[in-house]
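Note sheet for the following structure.
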Amino acid sequence: MSETTDPRARHQELVQEIEEHRARYYGDDAPTISDAAYDALERELHDLEDAHPELAEPDSPTQTVGAARGETGFASVQHRERMMSLDNAFSIEDVEAWFARLEREVGTQEVVCEPKIDGLSISLTYENGQLVRGVTRGDGTTGEDVTANVRTMSDIPETLSGDHIPDIVEIRGEVYLPLAAFEELNARLLEQGKPPYANPRNTAAGSLRQKDPEVTATRPLAVTTYALGALEWGQAGADARAETQAGIYSVLAGWGLPVSEHTRTLSGVEAIERFLAELEDKRHSMVHEIDGAVLKVNSRVVQGQLGSTSRAPRWAVAYKFPPEEVHTKLEDIRVDVGRTGRVTPYGVMTPVTVAGSTVTYATLHNRHEVKRKGVKIGDTVVLRKAGDVIPEIVGPVVAARTGDEQDWEMPQGCPSCGTELVEQKEGDKDLRCPNSQNCPAQIIDRIAFIGSRGALDVEVLGEKAAAALVDAGVLSNEAGLFSLTEADLARVPLFTLESDSKKDGIERKAGDVSTNGLRLLENLESAKRQPLWRVIVSLSMRHVGPTASRALATAFGSLPSIREATEAQLADVDGVGPTIAASVTRWFDVAWHQDIVDQWAAAGVRMEDERDSTVGRTLEGLTIVATGSLEQFTRDSVKEAIISRGGKASGSVSKKTDYVVAGANAGSKADKAEQLGVPILSEVQFVELLERGPQQD
Ligand code: IVH
């Protein structure tokens, strides 16, 4: 796209682009741009026409809806009443402006607030209560006849129920594929080795526009209805006529049509904003995808006063959530070697904002995933970040390919040390670099891991510091980490001063160890006194995370005892089991691993937990779940407090849970405890329990 500054030329460009995208979106071809990018084009066109009204011809996309007519293979049907689109609000400020305009023009109004379902609109015509036609929106005036397909949908009654049935009625709604059905469909396709669908909306559109209704019948499409089109009452009488939007939903429900259970009628902009926030929170737990909310003036009389533009009613607005799916370019696929040798491909993309954060990298998990997704280097890809979930490359936009894209091959050798990559067990999805002793990437990652919060929490020791120590030849692996001296750090550029300086009255010369370097040595000193389980975590034994490490530390009390224990003794520990036991035994069999433990011990790293005699075993045999934020404890220290007193700290509430400790903002776990009748303790009660144990009274 070449952007021009001449308004007329830019207008023409935008019109052409928007029309092409509309044709794809409503037609048989997959979209080539994201919804968000499309909205931006429409917005630009809108603003351009506001500034240059002479450009706004009646057939401009700002005045029309949907796709222009083309050859589609379905019969064309004219709607009795036009199918409208909605104007968009992209921010709370836009919603406030819409509401303020309402107040100015027609006074304070009740507003019906409902989810904006991400599907495709349908118009259902009933004559004397019998379904006679189902038609897609098309260009708003004429749509495609998909009656045979609509009849396969169990949500849509053949006959309306109730007493007041009009002679003719057009009912408008949104057809969607429930998320669960979408995921099931994709799982099935994957099993058959076929590529999965990109998203539920396109799948629903494809399913409804099948030439063979039997195919549609296999897709559990659903509908939510939200508007009326043409309406002729005949004998049914005017008494059934709804005076409000909410009333329309009661009438629709009375006829046996699905309406949204999330709809609320609200007064005042604050209540509306609360609704929007709550809906956004619920966004990922709904049965279907939503891309925003629709706000509608409740009074139908006022709706009539406000009227419509050629494409959208003035009495309604669509509030769009920030997009969760965007398009960006996949610039490269690289591989990362982790601390256990696992080699993971990841995508490097042109940075893009999605769900509020800028994303450049996304994991592609393993070589099979890259193949399954069918992405090539140079592809435009769909990037999705749903809420707090990590960003995911969904797949390529095949229609946007230029032919310059490159296939990617998993390297055969480790990108760090060149050793041939292997499957650890036959059929493993992951490839690993087996050279754990000497592969620089693995060594650096293991050292950085020791510094991480979940291990020994050494503030200065991150990926960069670990790499600097290894690159300078000061460390050849983690064995020497706790014996580092100032003289060692003087050989590492990252930890030395670049020029002479003076701090706290002390003269320091270029080449001296920097403050940061001195802090690293101090941090390492304090790390030596961390509890035993954290030392075990830091050894990077496969499968041995915090839970297993805690269990081992509690059961054996010291690293030498764990080393001497037989595999069977290890497996016997609650929370350990055979896989972890085998992994621990195998780890200790390796000479250079033993050397790590010996060197750490010689440097003064804790090798056994002191049994704190002031702490009693007050929680022996009790299972406790802590949830929400506590004032005196962190997530880790609360577990520590429970385990050191002989209790079991669990993450999920069940009938076996003895107590749930609920801090501020405790969520579903506290609810579950209440359901199951598990006692819930406040922080004060918990501290009392720690001291005195359960009281028998
Ligand atoms: S009302 C006269 N309500 O969003 C008003 N539309 O972007 C017509 N949509 O074409 C639409 N959920 O396909 C309305 N609760 C809802 C909706 C909804 C989804 C779709 C509909 C419409 C499009 C506009």
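Both counts, for ligands and for their atoms, begin at 1 and track the order of listing.
For the ring pair (Phe, Tyr, Trp, His ring centres under 6.0 Å) test, no residue two or more places apart in sequence or in another chain qualifies with His21.
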> Can you check side chain to side chain contact (heavy atoms under 4.5 Å, CB included) on Phe74 and Lys211, steps first, answer last?
Replying inline: CA-CA 8 Å; Phe74 290 95; Lys211 302 283 149 61; 3.6 Å; yes
>> For Arg10 and His52: C-alpha separation, side-chain torsions, deciding distance, then whether side chain to side chain contact (heavy atoms under 4.5 Å, CB included) applies.
In response: CA-CA 12 Å; Arg10 179 66 186 144; His52 304 275; over 6 Å; no
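Only the side chain of Glu174 comes within contact range of ligand 1, with a heavy atom under 4.0 Å; no backbone atom does. Under 4.0 Å from ligand 1, not a single heavy atom of Arg172 appears.
Looking at atom 5 (C) of ligand 1, its nearest protein heavy atom turns out to be Leu86 CD2, 3.9 Å. Atom 12 (N) of ligand 1 has as its closest protein heavy atom Ile117 N, 3.1 Å. In this structure, atom 8 (C) of ligand 1 lies nearest to the protein heavy atom Met84 O, 4.0 Å. For atom 21 (C) of ligand 1, the closest non-hydrogen atom on the protein side is Tyr226 OH, 3.0 Å.
Interface of Arg137 with ligand 1, defined as ligand atoms under 4.0 Å from a residue heavy atom, comprises 10 (O). Using a 4.0 Å cut-off to heavy atoms of Pro115, the atoms of ligand 1 that qualify are 12 (N), 15 (N). Applying the 4.0 Å criterion to heavy atoms of Val294 picks out, from ligand 1, the atoms 3 (N), 15 (N), 16 (C), 17 (C). Taking every non-hydrogen atom of Glu114 and a distance limit under 4.0 Å, the qualifying atoms of ligand 1 come out as 3 (N), 15 (N), 16 (C).
In terms of polar-atom proximity, Pro313 is not counted as a contact of ligand 1, lacking any N or O under 3.5 Å from an N or O of the ligand. Residue contacts with ligand 1: Leu120 is placed with no nitrogen or oxygen under 3.5 Å of a nitrogen or oxygen of the ligand (distance criterion only). Between Lys116 and ligand 1, an N or O atom pair is found at a separation short of 3.5 Å.
Not a single donor-acceptor pair under 3.5 Å links the side chain of Ser123 to the backbone N or O of Arg172. Judged by distance alone, with hydrogens and angles left aside, the side-chain atoms of Asp212 form a donor-acceptor pair with the main-chain N or O of Glu214 at under 3.5 Å. In this structure a side-chain-to-backbone donor-acceptor pair under 3.5 Å is present from Arg314 to Leu306.
A salt bridge is defined here as a Lys NZ or Arg NE, NH1 or NH2 lying under 4.0 Å from an Asp or Glu carboxylate O, and Arg22 with Asp139 fails to meet this definition. Between Glu110 and Lys296 no salt bridge is recorded (no basic side-chain N to carboxylate O distance below 4.0 Å).
Ligand 1 has at least one atom lying under 4.0 Å from a heavy atom of Lys296.
A donor-acceptor pair shorter than 3.5 Å cannot be found between the side chains of Tyr38 and Arg43.
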